Colleague: 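Here it is, the structure in full.
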There are 2 protein chains.
Amino acid sequence: MALSWATEEQASRSEQIRQMTIHLFHEKGYPATSIRAIAKNLDIKSSSLYYHFQSKQDLLFDVLDRIMDELIQGLQKSVAHGQTPEEKLVAAIRFHISFHTDHQAEAFISHSELRFLSAENFRRIAEKRKRYEEIFQQVLREGVEAGVFNVPDVKVASYAILLMCTGVSSWFAEKGRLGGEEVARIHEDLILRGILKTSKGGNR
Amino acid sequence: MALSWATEEQASRSEQIRQMTIHLFHEKGYPATSIRAIAKNLDIKSSSLYYHFQSKQDLLFDVLDRIMDELIQGLQKSVAHGQTPEEKLVAAIRFHISFHTDHQAEAFISHSELRFLSAENFRRIAEKRKRYEEIFQQVLREGVEAGVFNVPDVKVASYAILLMCTGVSSWFAEKGRLGGEEVARIHEDLILRGILKTSKGGNR
DNA sequence: GTCTATAACTAGATAGAC
DNA sequence: GTCTATCTAGTTATAGAC
């Protein structure tokens, strides 16, 4: 599945640059990826890249900002489909993991390259990351208030759940032993059994 | 707690270089950390650094290799203290989290800088990482065989547990709301409830 | 063990032609 | 929108003095 802004058959040059940037940032990271290398991979000269983006920092921000928008939009949409806190949580976990298996490069750099953002750009991305985490925390809180979740610390639990699933992008292999859906089911099971008040999570 | 090779009151120059390297790699990453910067922070010239290490790559490998040794040794020692699978798992989680809260920089770079190792150096570090993961997997397997753990996929479960706890180093703040022990307890609880066979019909 | 000096190279970014 | 050419500054690493 391609990201929504990349679904056009003929990707614009700006979009080609973004995709190549994501690929190379994933492979080598921001500092080790030169503007020249991005350009060379697209068969243009590095100076041409500056027609589309103001600076390397600008390109980093643009890429990360779009990934965050995609994440937030997708999570909101997924959670909205659930009725109960348990359904909402499962939907959230499923979305989070499928994003991390389907877009490994995007998911990886959305964490690893944060420290290369300028102070102001970091502030803007950190805000969106907080919005994303808060959706999870809200679902957990609803479950606690409804008396179905046993979560002593919503923030720590949300970090634990997010990081466990986020980590999938570091080991998941497209052609590995398990498919994305199996991986998602294992994680749902582990998490639900970890936080549900009854132990019905195990035999859903 | 300091790492064992750093307990001497007068750290050797090589050790000072390693500590500064860890600090700067954590802050900026390998490619963005210049040999000059490491040297400057120790009030020596960059050329002097080459007396102690052959190359920047050599320094990266040396630092990561020692971190892996410390992790493996510490985990083995912790697990050996437990009698039952459950005790062993709690000991393993406690060690893993305390390492990630007490040595945030070391823990962080032991993942983030892997991709900057040369092919041969990567192979050597990856082997040690595998050894570390296998200790966790062995404990989980013992629990399954003893009939106390409900873990449908030992590998995925080990990754989920490790990554959940590993992630602590990315958000844990020394002077934050929670101490390291509280964080560890919350994670132990979440994991144990997630995998313990507490009721019948837990299998899928 | 640390220094000065420097070689050989690569980086981000811009000017101006077409 | 892409090119050539170039500026300035930074990079790893080495040679050889002390």
Side-chain angles (χ1 to χ4, degrees), chain A residues 5-6 8-64 109 112-113 115-122, chain B residues 5-6 8-64 109 112-113 115-122:
Chain A
W5 61 81
E8 287 81 49
E9 303 220 344
Q10 271 278 44
S12 68
R13 173 106 306 169
S14 297
E15 187 48 33
Q16 289 177 346
I17 294 172
R18 274 191 284 267
Q19 291 306 314
M20 185 55 68
T21 299
I22 289 167
H23 174 71
L24 293 175
F25 281 4
H26 180 218
E27 220 172 72
K28 294 278 181 187
Y30 176 81
T33 301
S34 67
I35 290 285
R36 277 176 169 84
I38 299 170
K40 190 155 201 176
N41 273 276
L42 295 168
D43 275 314
I44 55 172
K45 299 292 171 184
S46 64
S47 52
S48 304
L49 230 143
Y50 285 90
Y51 174 81
H52 302 276
F53 294 94
Q54 280 196 350
S55 66
K56 194 182 172 187
Q57 173 67 213
D58 181 48
L59 182 54
L60 171 65
F61 174 76
D62 186 85
V63 158
L64 294 185
I109 70 169
S112 61
E113 309 311 297
R115 57 184 162 166
F116 304 117
L117 287 165
S118 68
E120 169 61 9
N121 285 343
F122 180 82
Chain B
W5 61 80
E8 288 81 48
E9 303 222 344
Q10 270 280 45
S12 67
R13 173 103 314 163
S14 296
E15 187 48 34
Q16 289 177 346
I17 293 171
R18 274 191 284 268
Q19 291 306 314
M20 184 56 68
T21 299
I22 289 166
H23 174 71
L24 293 175
F25 280 4
H26 180 218
E27 222 173 72
K28 295 278 184 185
Y30 175 81
T33 301
S34 67
I35 291 285
R36 276 175 169 85
I38 299 170
K40 189 155 200 176
N41 274 275
L42 296 168
D43 273 315
I44 55 174
K45 298 293 171 184
S46 64
S47 52
S48 305
L49 229 143
Y50 286 90
Y51 174 82
H52 301 276
F53 294 93
Q54 282 196 350
S55 67
K56 195 183 172 186
Q57 172 68 211
D58 181 50
L59 182 54
L60 172 65
F61 174 75
D62 187 84
V63 157
L64 294 186
I109 68 167
S112 62
E113 308 310 300
R115 58 185 162 166
F116 303 117
L117 287 165
S118 68
E120 168 60 10
N121 285 342
F122 180 81

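Only a predicted model underlies this, so the values are computations on that prediction, with no experimental measurement involved. Chain letters run A, B, ... following the sequence lines, proteins first, then strands; residues in each count from 1. Below, each value reflects all heavy atoms present in this structure, side chains not excepted, and no hydrogens, waters or symmetry copies.
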Colleague: Checking ring pair (Phe, Tyr, Trp, His ring centres under 6.0 Å) against Phe116(B), which of Phe61(B), Tyr30(B), Phe122(B) comes through?
Modeller: Tyr30(B)

Colleague: Would you give the length of the straight line joining atom NE2 of His52(B) to atom CD of Glu15(B), rounded to the nearest 0.5 angstrom?
Modeller: 12.0 Å

Colleague: If you write DNA chain D from 5' to 3' in dot-bracket form, with Watson-Crick or G-U pairs under 3.5 Å, [ ] for crossing pairs and | for pairs with another strand, what do you get?
Modeller: ||||||||||||||||||

Colleague: So which atom in Lys28(B) and which in Arg115(A) form the shortest heavy-atom distance, rounded to 0.1 Å?
Modeller: C-NH1, 4.0 Å

Colleague: Taking the side chain from Glu113(A) and the backbone from Pro31(A), do they hold a donor-acceptor pair closer than 3.5 Å?
Modeller: no

Colleague: When the distance from CG of Leu42(A) to P of dG1(D) is rounded to whole Å, what number comes out?
Modeller: 15 Å

Colleague: side-chain contact (heavy atoms from CB on, under 4.5 Å) for Phe53(B) and Ile35(B)? Distances and angles first, verdict last.
Modeller: CA-CA 11 Å; Phe53(B) 294 93; Ile35(B) 291 285; over 6 Å; no

Colleague: Using atom CZ of Phe53(A) as one end and atom C1' of dG1(D) as the other, report the distance to the nearest whole Å.
Modeller: 14 Å

Colleague: For the pair Asp62(B) and Thr21(B), evaluate side-chain contact (heavy atoms from CB on, under 4.5 Å) and give the outcome as yes or no after the intermediate values.
Modeller: CA-CA 10 Å; Asp62(B) 187 84; Thr21(B) 299; over 6 Å; no

Colleague: Across nucleotides 2-15 of chain C, 5' to 3', mark each nucleotide with B, S or - according to how protein heavy atoms within less than 4.0 Å reach it.
Modeller: BBB------BBBBB

Colleague: For Gln54(A), does the CD atom have more than 12 heavy-atom neighbours from other residues, nucleotides or ligands under 6.0 Å away?
Modeller: no

Colleague: Which atom pairs, one a donor and one an acceptor, fall under 3.5 Å between side chains of residues 36-47 of chain A and the rest of the protein, sequence neighbours left out?
Modeller:
{"unit_1": "Asn41(A)", "atom_1": "ND2", "unit_2": "Ala37(A)", "atom_2": "O", "d": "2.9"}

